[in-house]
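Note sheet for the following structure.
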Amino acid sequence: MSVPPPGVDPAHGAYSVPPPASKPRTSLSVALEQSRNRLMVTAAMVAVVFSAIGVKLVDATLFNHAAEPRPRMAAEVDAPPVNRADIVDRNGNLLATSLATQSLYADPKLVSRPDEVARKLTTALPELDYKDLLTKLSGDKRFVWIKRNLTPKQQAAVFRLGLPGVYFEREERRFYPASNLTSHLVGFTGVDNNGLAGLEQQFNKRLTTDPKPLQLSIDLRLQHIMKKELQTTIEEFSAIGATGIIYDVRNGEVMSMVSLPDFDPHNPTGLDPDTLFNRATLGVYEMGSTFKIFNTAMSLDSGKIRVSDTFDTINNIKVGRFTIREYHPFRHNLTVAEVFQESSNLGSVRMAMSLGVQHQKSFMTKLGMTRPTSLELPENGWPLVPNPWREVNTMTISFGHGMSVSPMHTVNAAASIINGGVLHPPTLLKRDPAVEIPGEQVISPKTSAMMRRLFRFVVTDGTAKSANAKGYVVGGKTGTAEKQKGRSYARNSRMSSFLGAFPMHDPRYIVYVLVDEPKGTKKTYGFATGGWVAAPAVGRIVKQIGPLLGVQPVDEASPEVINATYINTAGQTTPPAPPPPPAQPKGSTVASVPPAGNKPR
């Protein structure tokens, strides 16, 4: 039997190597192993700590909505939509909208060299003040605004600088495509996009919670026409300002409202207060003879006075040391129709006094003249009403002095006088045709129909012939009031106005113009009254807006128009029969003459 060589495994036929003898563990090897284990534990702990820090940073920069904005290097493609709704006119034209912009801020703690950063920023943005910026960047705050609402060009210039600690933040900026044209209406917002004036302030909550555009009753086309004519009138008569309103008498919609001077709503800071002042709604004035509209309507609606009644317009009225007289004296007493036509002060006073103080006060209150209008603007003036309301107040109010109201008060009340007697609340919002129009009957339809005749009478035969616009059947009432300065009236400082309406056989619109401190010209023979200043402007406006509003010109001599608008000085409303054709002598014949250029057939 053979014996396998040493080292060979008999079962596998391979060499079997005996395991080496184990060496005893020394103190050095034990120390090395412990050090290695501690190092691994320390590394694991460091990894956990840095992971926690990383998670915290991600949460702070991406998910945390703290007061400080998170850094953004440019406008993001997936930026959320703007947060303030648009404002549009009745035809959908844009009056106010919000655009996403980028604002620049800094974390001074991360700005290593404030002087260098300030120098570079003022180079890119020259409008910045170097010293002010350096103070901000050297402070202890963690957040300072550098410039809000950068233009894309400005943003690109700063972006190229690559400044540590300087960041962009997405914001919104309000833009007004119509600019000055609707500044007193729409108003403006502040740097934080909150409304500070006009409809922006009045509807601030609505605009920030409802994305649907706010649609106004205003027609931008009418705004252009109104502003152009007001500006022309201001320049012609060297006036200090003017205001104009176009008003739908059927539903109370304000279709145009302009106050001059106006302003740029993109930059309303540092302006003269007179420029920001809305003459149409906030200004309250003694309206002069346009108030005879209400005095006459009150008298006729009382049932105690008829349009044919006669009043003393010859003898002046003395009240203490004052005397009420006519602007142009009359040589005979006037009927109510003539009092309105000729704008008689004495006739108006005696009409009012025949009804009494309480009657006048109640009537004016019913017309809304003793409280602010319901128009949706924060700039809504309070009327200046006499308290106590005495006889002398009744006298002066009858011809438009001693009580101050806004032009919007005057227009709103006048609309109720000619529209059938219904006072609708004025509105700057386009009414829903499916919703009933609110209104209150303030005079009878019969009185309203008579007042329409008197309106027309003033334009055809009275103080406002220059307001006529052929085919549009214009009517209205002039007004001239001396302005009170201190405790007396200034004779050469006046408010001249005309309240026009058309078409008077079926009233639809009021056009009102008031001019502040006009000066007479050679063309007007030195006069600066409502008939010379405001009435022509209204006539020009009517000719331009009539076609836009769908009012078709008519034959003013047609029976339909004459029967609805005729009145004479005696107060008769039945038009005279047309004269018969001239009689032909017996036996005579009239030859038929063919049209020129045509031969008889």
Polar side-chain atom of Thr313 near backbone of His332 as donor-acceptor pair, under 3.5 Å
yes

Any side-chain heavy-atom pair of Met369 and Ser404 under 4.5 Å
no

Give the intermediate values and the outcome of side chain to side chain donor-acceptor pair (under 3.5 Å) for residues Thr463 and Thr478.
CA-CA 7 Å; Thr463 59; Thr478 54; 2.9 Å; yes

Quick check on the 6.0 Å ring-centre criterion: do His184 and Phe263 meet it?
yes

Any donor-acceptor N/O pair, Arg90 side chain to Ser217 backbone, under 3.5 Å:
yes

Using modelled atom types only, decide if a donor and an acceptor are shared between the side chain of Asp272 and the backbone of Asp274 within a distance under 3.5 Å.
yes

Any donor-acceptor pair under 3.5 Å from Thr182 side chain to Leu185 backbone
no

Test ring-ring contact (aromatic ring centres under 6.0 Å, His included) applied to Phe294 - qualifying residues, sequence neighbours left out
Phe291

Could you list the residues that satisfy side chain to side chain donor-acceptor pair (under 3.5 Å) with Asn315, not counting sequence neighbours?
Asp312

Can we say Arg456 and Glu556 salt-bridge, meaning some charged N sits less than 4.0 Å from an Asp/Glu carboxylate O?
yes

What pair of heavy atoms forms the shortest contact from Pro407 to Ala280, and how long is it?
CD-O, 3.5 Å

Any side-chain heavy atom of Thr233 sitting closer than 4.5 Å to one from Val513?
no

Check: Glu253 side chain, Pro426 main-chain N or O, donor-acceptor pair, under 3.5 Å
no

Residue pair Thr323 / Lys318, side-chain donor-acceptor N/O under 3.5 Å:
yes

If we ignore angles and hydrogens, is there a donor and acceptor under 3.5 Å between the side chains of Glu236 and Thr521?
no

Under-4.0 Å salt bridge between Arg221 and Asp89:
no

Please test Ser256 against Gln223 for side chain to side chain donor-acceptor pair (under 3.5 Å), starting from the C-alpha separation and ending with a verdict.
CA-CA 5 Å; Ser256 173; Gln223 284 285 104; 2.8 Å; yes

Name all residues meeting the side chain to side chain contact (heavy atoms under 4.5 Å, CB included) criterion together with Gln544; count only those two or more places apart in sequence or in a different chain, and write none if there are none.
Ile225, Lys228, Glu229, Arg540

Does a side-chain heavy-atom distance below 4.5 Å link Phe455 with Leu499?
yes

Holding to salt bridge (charged side-chain N to carboxylate O under 4.0 Å, His left out), I want the full list of residues that pass it with Asp555, two or more places apart in sequence or in another chain.
none

My understanding is that only residues two or more places apart in sequence, or in another chain, count here; which of them pass ring-ring contact (aromatic ring centres under 6.0 Å, His included) with Tyr176?
His266

Any side-chain donor near an acceptor of the partner, Lys477 and Ser343, under 3.5 Å:
yes

Roughly how far, to the nearest 0.5 Å, is the CE atom of Met450 from the CD1 atom of Ile418?
15.5 Å

With a 3.5 Å cut-off and no angle check, do the side chains of Tyr327 and Asn345 form a donor-acceptor pair?
no

Separation between CG of Leu334 and CG of Leu346, rounded to the nearest 0.5 Å
9.0 Å

What's the shortest heavy-atom distance between Ser398 and Ala352, and which atoms?
CB-CB, 3.7 Å

For Tyr512, is there any backbone N or O sitting under 3.5 Å from a side-chain donor or acceptor partner on Ser497?
no

ring-ring contact (aromatic ring centres under 6.0 Å, His included) against Phe502, all qualifying residues, sequence neighbours excluded:
Tyr509

Kindly say whether Tyr566 contributes a backbone atom to a donor-acceptor pair with the side chain of Arg453 at under 3.5 angstrom?
yes

Would you indicate whether the side-chain heavy atoms of Ile324 and Met395 approach each other to under 4.5 Å?
yes

Polar side chain donor-acceptor pair, Glu200 to Thr189, under 3.5 angstrom:
no

Compare all side-chain heavy atoms of Val88 with those of Leu214 and state whether any distance is below 4.5 angstrom.
no

Can a side-chain donor-acceptor contact be found between Thr281 and Asn278 if the only test is distance below 3.5 angstrom?
yes

Scan residues 361-405 for pairs that pass ring pair (Phe, Tyr, Trp, His ring centres under 6.0 Å), counting only residues two or more places apart or in two chains.
Phe399-His401, His401-Tyr489

Holding to salt bridge (charged side-chain N to carboxylate O under 4.0 Å, His left out), I want the full list of residues that pass it with Glu342, two or more places apart in sequence or in another chain.
none

Between Thr529 and Ser496: side-chain donor-acceptor atoms closer than 3.5 Å:
no

Considering all heavy atoms of both residues, which atom of Thr243 and which atom of Ser259 are nearest to each other, and what is their separation?
OG1-CA, 4.1 Å

Residues in salt bridge (charged side-chain N to carboxylate O under 4.0 Å, His left out) with Arg250, at least two apart?
Asp248

Please enumerate all residues that pass ring-ring contact (aromatic ring centres under 6.0 Å, His included) together with His409, with sequence neighbours excluded.
none

According to the salt bridge (Lys or Arg N to Asp or Glu O under 4.0 Å) rule, which pairs have a member within residues 289-309, sequence neighbours left out?
Arg306-Asp309

Ignoring hydrogens and geometry, is there a side-chain-to-backbone donor-acceptor pair from Thr296 to Ile293 under 3.5 Å?
no

Check the pair Thr373, Asn380 against side chain to side chain donor-acceptor pair (under 3.5 Å), reporting the backbone distance first and the verdict last.
CA-CA 7 Å; Thr373 71; Asn380 231 338; 3.0 Å; yes

Compute the ring centroids of Tyr525 and Trp532, then answer whether they are less than 6.0 Å apart.
yes

Strictly below 4.0 Å, N to O, side chains only: are Asp86 and Lys212 in salt-bridge contact?
no

Any side-chain donor paired with an acceptor under 3.5 Å for Ser444 and Thr447?
yes

Residues two or more places apart in sequence or in another chain: which of them pass salt bridge (charged side-chain N to carboxylate O under 4.0 Å, His left out) with Arg206?
Asp210

Could you check whether any side-chain N or O of Asn419 sits under 3.5 Å from a backbone N or O of Val249, counting only pairs where one atom can act as donor and the other as acceptor?
yes

Might you point out which heavy atoms bring Tyr472 and Gly546 nearest each other, and give the distance in Å?
CE2-CA, 3.8 Å

Looking only at side chains, do Ser448 and Arg452 share a donor and an acceptor under 3.5 Å apart?
yes

Check whether the side chains of Thr427 and Glu376 place a donor and an acceptor atom closer than 3.5 Å, and report yes or no.
yes

Keeping Gln201 on the side-chain end and Gly195 on the backbone end, is there a donor-acceptor pair under 3.5 Å?
no

